[in-house]
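Since the structure comes first, as structure tokens, the remarks are kept for the end.
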Amino acid sequence: MKTLIFRTVAPYLTALMLLFSVFILLRGHNEPGGGFIGGLIAASAFAIYGIAFGVPATRRAMWFHPIAIAGTGLLIAALSGLTGLFSGTPLLTGVWTKSPIIGFDISNVIIFDIGVYLVVAGAVSSIALALESTEDNH
Amino acid sequence: MQSGSETALLIGLALPFAGAAVAPWLMRRMGDRGAWLLALIPLFAFTVFVSLVSTVASGTSVRGEVSWIPSLGVTLAWYLDGLSTAFALLISGIGTLIVLYSGGYLHGHPQHGRFMSYLLLFMGAMQGLVVADNFMMLFVFWELTSIASFLLIGFDHEREASRRAALQALVVTGLGGLALLAGLVVIGMATTTDTLSGLLAQPEGLRGSELYLPALLLILLAAFTKSAQLPFHFWLPNAMQAPTPVSAYLHSATMVKAGVYLLMRLNPAMGETAIWETVLPLFGGATLLVGSVLALRQTDLKLMLAYTTVGSLGLLVMLTGFGSDLAVSAAVLYLIAHALFKGALFMVVGILDHETGSRDTRDLGGLRKAMPITFAAAIGAALSMAGIPLFTGFLAKEAIYEALTHDSGGWPLLILLVAILGNATMVAIGFAVGLRPFIGRQRETPKHPHEGPALLWLGPVVLAITGLLAALLYGLFYRTIADPMTTAVAGSAFANAISPLPHVSLAFGLSLVTLAVGLVLYAAQARLRGGLASVFGAGNWGPDRGFDHVVAGLVRLSAAVLRIVQNGRLDVYITIAFITTAVVLLVPMVIYSELPSMPPFPALQLHEWTLVVVALVGLYSVVRTRNRLTAIVSLGIQGFAVAVLFVLMGAPDLSFTQFMVETLSVIVLALTMTRLHLSPTDHRPWNERLFDGSIAIACGVAFTLLLLRVTQNPFDASLSEFFNANARIIAHGRNVVNVIIVDFRALDTLGEIAVVAVTGLVILALLRIATPGRIRGRS
């Protein structure tokens, strides 16, 4: 799969897809999208990069081990639900704050969605990269 | 009760657990001296219980509760009457001595702190067990004592025998714990109460209920396993693998009496029925006989004591179930006397073992000069065990014979004979442990014998003196401890009248007979041992062996089951999964005539038809092609076509996800194919193709019918309406699908992403295992 065209296009494609995945994640609350789809797009981005440049290069580019990213996401999602401890509401109750500075309401729900994004992106790209690598060198 | 003493009681109950938490640190910092500090914990509890004695002896029970799980209505409720107070005094009093004794016994042991921690954990659990009023609390503490016992028996975990004994004790007592839970639930159903005090307040409620028999059987199973009654007696001698302080405390003085405690506690509510008065003496008597015979054939002093403990527990069960207040009183006296003398004798054996390096009766003799204090404590305890006048053991034996000769008839006479035989063995073993190692000619022992430190002999000395004082001050002893306890067990007021002095009576005559028989057994023990050994062979029989067979059989069974359900062939798993899916969907639909009616022909537009055709072409190519990669990509084409259909039908989120999932499954499947080194084409013979094809069609048909049927039901729109109406207002989002995922049903999503993350981990682990080069490279 290491054709010249593919290898030239792949970095741009990956960058664009990652950017798009974040966009999809953030707009998810009001338009089609969300953490799950965003995570899948990010995972495909990494898969494309891996096909073009090999797994070691992708792992270096990702910096963190993908399964660590998934674990962090799970932790973030779980912790975001604990706000209820302070407000006396059940687990995972949404808490919203008006934020005039950045122009939209922020809440633990968005943090939860970021957790979902990280879990899906991390776990799926972890599987894809592990399958792509022939040497299993990490 | 005033709140001050209530607080003190709560602290006394909770302190052992706190002590268990800090014990390892404390023992590391302070060494053996830490034992003196830790002993303050049970001592504090002991003083608290002593302060309650006068209240309890006057006939008032002490009750109280704190809320534990209010949403389930579970409270930590305690109930102290004569029975629980006497037990609590034994547990905390002997506990104090045992903590000190452990300080000396495990001197310099690297895990000394851990041992103390387990010991205090057990103490806390046992205290909780005997003061518990609430059923749930009783059960929790009951299980906790089993767990603490498991940890203590297996303390020396590098020895296989310890591990086996620990596991065996846990399995047997754990079985009893489950029975207890079930029994308490049944009792709760029969009487609509969930406290012991509530149960004792309506004694006829349970006996009259039709659930009496199941409740009784479950409670008996719990009590018999915990108190090592036949046929569950085998775990107790094996539990002697534990360090001696544990044997003295858990496996003679306290924990094994939990079963007897349960029977005594429930006697007012469950006793006085024909089955109670048959089963208890029957099993108790059999246990007494078996324990006595097996005790006589041991050479290990600790095992002799262990088997007489089994026998003593049998005696207690037998007396509890005999059915008269006199017998109950005898059981109470014997229980207290036994805890004192047996605890002391176990500690004496521990000292002998510690200071001479052996606890075999054939190796020991003439130690009276080397170990005078230990000898004094040992002979004091042995005299009580033998039931010599002036000792507590004598009171107990007199009470036993008085109770058993009170009624005439064949059944009481049989029980009387069993009791005499058992007691005679107690005489023999008492002297074999408490006298024989100290008299006669001194023998070579692995270590040069000398008196142990004060930490070691303090315990047995105090217990032996207590055994003497309780009998000498018998008026006080009866008034404060024995009579309130008997009253609580018998359910009606009772006063003891037995004197510790010799007197002319039938009971005393029987005592003399017992003593004579016992002395004969003592003198002839070496010869008896040979005779018993030839009768019983090498001991490769009985429930102990049976336990091993059951465990081995379970392992074999699970291995066999595993070979069938987890045979390691992915194609078999997938085939079974799909067949099951098809059957589960189709069979109920056919049986309950829920098949859908023929749907109307769909009115689609041209571009929609085009997509359907694309999907069909994809499918056709999947079926027709022999090339695996083509098949995978064709499956993707079909998926994409469906995804586009979703967009057209107004489900953008679904379609979006479908696109991504299709893309990634094509990538992952293709990668897996290259990794598996499969041949690029599919070579299944026609019969396999037919079989797999039928399953595929069955699944497809099943899902189609299911979807058609579901959509033909009248659609309940209340949920959609709720979400549409509230997504914006409550959850600040316009995308209803995403709002459901991250807010309304966020807990589901949390579970799902946990599954995703774990799946990722598992696949990673599987791929690493499956790379042979890597395994070779590492090892």
Side-chain angles (χ1 to χ4, degrees), chain A residues 24 27-41 43-44 47-48 50-51 65-67 70-71 73-74 77-78 80-81 90-94 96 104-105 107-110 112-113 115-120 122-138, chain B residues 647 651-664 667-676 727-728 730-750 752-768 770-771 773-774 777:
Chain A
I24 288 291
R27 77 170 206 155
H29 217 59
N30 291 322
E31 307 290 334
F36 202 86
I37 305 168
L40 287 175
I41 295 174
S44 341
I48 287 175
I51 292 170
H65 193 287
I67 207 72
L74 194 55
S80 77
L91 185 72
L92 291 164
T93 306
W96 291 84
F104 57 88
D105 302 352
S107 77
N108 63 334
V109 173
I110 288 171
F112 181 82
D113 217 7
V116 174
Y117 171 88
L118 291 176
V119 168
V120 174
V124 176
S125 56
S126 163
I127 298 168
L129 288 178
L131 284 169
E132 277 176 37
S133 68
T134 45
E135 296 301 314
D136 211 29
N137 48 353
H138 51 87
Chain B
V647 177
D653 276 284
L654 191 56
S655 140
F656 217 155
T657 315
Q658 171 92 358
F659 269 120
M660 294 317 304
V661 168
E662 288 298 336
T663 313
L664 281 167
I667 294 176
V668 169
L669 268 175
L671 288 170
T672 316
M673 286 294 165
T674 56
R675 231 187 138 82
L676 287 176
R728 184 87 191 103
I730 301 180
H732 303 244
R734 280 193 302 275
N735 179 0
V736 178
V737 175
N738 199 54
V739 164
I740 292 173
I741 291 177
V742 297
D743 200 339
F744 286 128
R745 308 296 300 268
L747 192 60
D748 289 356
T749 310
L750 188 63
E752 283 155 15
I753 59 174
V755 170
V756 171
V758 170
T759 311
L761 260 178
V762 169
I763 290 178
L764 213 58
L766 277 177
L767 285 173
R768 287 190 183 186
T771 311
R774 185 184 179 82

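Any value given below was found using the heavy atoms of this structure, including those in side chains, with hydrogens, waters and symmetry copies removed. So that the names make sense, note that chain A is the first sequence line, chain B the second, and so on, each numbered from 1.
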Max heavy-atom pair count under 4.5 Å with chain B, selected residue of A:G28, A:P66, A:G73, A:A78: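 When all of A:G28, A:P66, A:G73, A:A78 are compared, A:G28 has the most.
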Could you have a look at A:G115, A:G122, A:G33, A:G35 and say which one has the most heavy-atom pairs with chain B under 4.5 angstrom?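 Highest number of pairs under 4.5 Å: A:G33.
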Residue pair [X] / [Y]: nearest heavy atoms and the distance that separates them:
X: A:A123; Y: B:A757; answer: CB-CA, 4.2 Å
X: A:L40; Y: B:V661; answer: CD1-CG2, 3.9 Å
X: B:G760; Y: A:S126; answer: O-OG, 4.4 Å
X: A:G34; Y: B:N738; answer: CA-OD1, 3.6 Å
X: A:I37; Y: B:D653; answer: CD1-O, 3.8 Å

Evaluate B:I667 against A:L131 for side-chain contact (heavy atoms from CB on, under 4.5 Å), listing each step before the verdict. CA-CA 10 Å; B:I667 294 176; A:L131 284 169; over 6 Å; no
Does any heavy atom of chain B fall under 4.5 Å from the side chain of A:L129, the backbone, both, or neither of them?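 Contact with chain B involves no heavy atom of A:L129 at all.
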Side chain / backbone / both / neither for A:I41 at chain B, heavy atoms under 4.5 Å: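 For A:I41, heavy atoms of backbone and side chain both lie under 4.5 Å from chain B.
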Atom [atom1] of [X] and atom [atom2] of [Y]: how far apart are they, to the nearest 0.5 Å?
X: B:I753; Y: A:Y117; atom1: CD1; atom2: OH; value: 14.0 Å
X: B:L664; Y: A:S125; atom1: CG; atom2: OG; value: 9.5 Å
X: A:H65; Y: B:L764; atom1: NE2; atom2: CG; value: 5.0 Å

Is it the backbone or the side chain of [X] that comes under 4.5 Å from a heavy atom of chain A, or both, or neither?
X: B:L747; value: both
X: B:T663; value: neither
X: B:I741; value: backbone

Counting N and O atoms only, with roles assigned by atom type, does the side chain of B:D743 sit under 3.5 Å from a partner on the main chain of A:V109, one being a donor and the other an acceptor?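 A pair under 3.5 Å: no.
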Could you tell me whether the side chain of B:N735 and the main chain of A:N30 form a donor-acceptor pair under 3.5 Å?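 Between the backbone of A:N30 and the side chain of B:N735 there is no qualifying donor-acceptor contact (under 3.5 Å).
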Test applied, side chain to side chain contact (heavy atoms under 4.5 Å, CB included); reference residue, A:V119; option that passes from B:V755, B:T749, B:V756: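 Result: among B:V755, B:T749, B:V756, B:V756 is the only option passing the side chain to side chain contact (heavy atoms under 4.5 Å, CB included) with A:V119.
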Tell me, yes or no, whether the heavy-atom count around A:R27 atom CZ, taken from other residues, nucleotides or ligands under 6.0 Å, exceeds 12.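 For A:R27, atom CZ is crowded (more than 12 foreign heavy atoms under 6.0 Å).
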Look at atom CZ of A:F36 and say whether more than 12 heavy atoms of other residues, nucleotides or ligands are closer to it than 6.0 Å.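 No, CZ of A:F36 has 12 or fewer neighbouring heavy atoms, counting only those of other groups under 6.0 Å.
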